[in-house]
Structures are given as C-alpha cells and as structure tokens.
K.L.:
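Have a look at the structure that comes next, please.
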Amino acid sequence: MDQGGYRLELPEDGYEWRKYGQKFIKNIGKMRSYFKCQRSSCSAKKRAEWSTSEPNNLKVVYKGVHNHALPASESGSSQLGTSNANQYDLLTQVFGDRSTAH
DNA sequence: CGGGTTTGACCGGCGC
DNA sequence: GCGCCGGTCAAACCCG
C-alpha cells in the first residue's frame, strides 16, 4: 500500500486504470505509480507522481492516446474530452496547491 | 472464483 | 565496460 498512512486521492478522469507498478524516484525524491488503460487496444498509460512528504501535491502524467470512447462520462468534474484535443501524446496535470493565490 | 492490487526482481538504456 | 535509474512483468493475496 501507500506509505505514510495517507490515502492518495487520484483524480478520476473517466477512464479505467490498472496499477501495474510503483517505485520511489530518488532522482526527484518522489513516489511514482504506474497505471495502464484497461480497454481493448488502448496503449494509453497514466503516471501518478507525488512527494512522500506532501501527498497533496499530486502530479498526473498521461502518456499515449486513447483509441476508444470513454467507458464512463464524468458528471461535471473536469472538462477533459469536451473541446479538448484527445490526440495528445503527453499530458501533464498538476494537482494540489490550488489555493496558492488564495 | 475472478479481478484487482501489491511487492520484488529483472531488464534496458544512458552516463561516465 | 560497468553502474545506476527507470520501467515493466510476474506471482501471490485479498475482497466482492
């Protein structure tokens, strides 16, 4: 499980993922989880990265593209897949300090 | 019973 | 050429 006793809150993007690995990257001093899309021929992968001391600072990196429709549509969470181009090869989303300004 | 999840080990690539 | 790091796969276990 995740260390620290904190429950990492992975942002639901509407896709199904299966965790296939977890490693601590000392290079950046952060933990990294590896997720793969569970669809037919979808080679899309997701990478979750967060600091061990601050699990609230979550960074999600989407690698690859989905060649299938979303298995589930989110009900007002993110605007991903709307007018957003779903043919990106790499997407990086950073979560955490949304109250940086205020 | 199946699927999903977790941990460890292994391999490949790159740097020096 | 070797060492190190990152990434992936496999096995076992647990829960529904």
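Labels below follow one simple rule: chain letters A, B, ... track the order of the sequence lines, proteins then strands, and each chain is numbered from 1. Below, each value reflects all heavy atoms present in this structure, side chains not excepted, and no hydrogens, waters or symmetry copies.
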K.L.:
Taking NZ from A:Lys19 and P from B:dT6, how many angstroms apart are they, rounded to a whole number?
P.N.:
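Between P of B:dT6 and NZ of A:Lys19: 3 Å.
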K.L.:
Let me confirm one number: the NZ-NZ distance from A:Lys63 to A:Lys36, rounded to the nearest 0.5 Å.
P.N.:
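The distance works out to 13.5 Å.
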K.L.:
Rounded to whole Å, how long is the line connecting atom CZ of A:Arg32 with atom P of B:dT7?
P.N.:
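That distance rounds to 18 Å.
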K.L.:
Please round to the nearest 0.5 Å and tell me the distance separating atom NE2 of A:His68 and atom CD of A:Gln38.
P.N.:
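Here the interatomic distance stands at 10.0 Å.
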K.L.:
For a quick test of reading the model: is some side-chain N or O of A:Gln38 closer than 4.0 Å to OP1 or OP2 of B:dG4?
P.N.:
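The answer is yes; a side-chain N or O of A:Gln38 sits under 4.0 Å from OP1 or OP2.
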K.L.:
Going by the angle between their ring planes, with limits at 30° and 60°, are A:Tyr34 and A:Tyr20 parallel, tilted or perpendicular?
P.N.:
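Aromatic pair A:Tyr34/A:Tyr20 classed tilted.
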K.L.:
Could you give the distance from CH2 (A:Trp17) to NZ (A:Lys45), rounded to the nearest 0.5 Å?
P.N.:
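These two atoms lie 10.5 Å from each other.
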K.L.:
Between the protein and nucleotides 8-13 of chain C, are there any N/O to N/O pairs under 3.5 Å, and if so, what are the atom names and distances?
P.N.:
| unit_1 | atom_1 | unit_2 | atom_2 | d |
| --- | --- | --- | --- | --- |
| C:dT8 | OP1 | A:Tyr20 | OH | 3.2 |
| C:dT8 | OP1 | A:Lys45 | NZ | 3.2 |
| C:dT8 | OP2 | A:Tyr20 | OH | 2.3 |
| C:dC9 | OP2 | A:Lys36 | NZ | 3.2 |
| C:dC9 | N4 | A:Tyr20 | O | 3.1 |

K.L.:
A:Glu49 versus A:Ile28: any side-chain heavy-atom pair under 4.5 Å?
P.N.:
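Heavy-atom side-chain distance check passes, below 4.5 Å.
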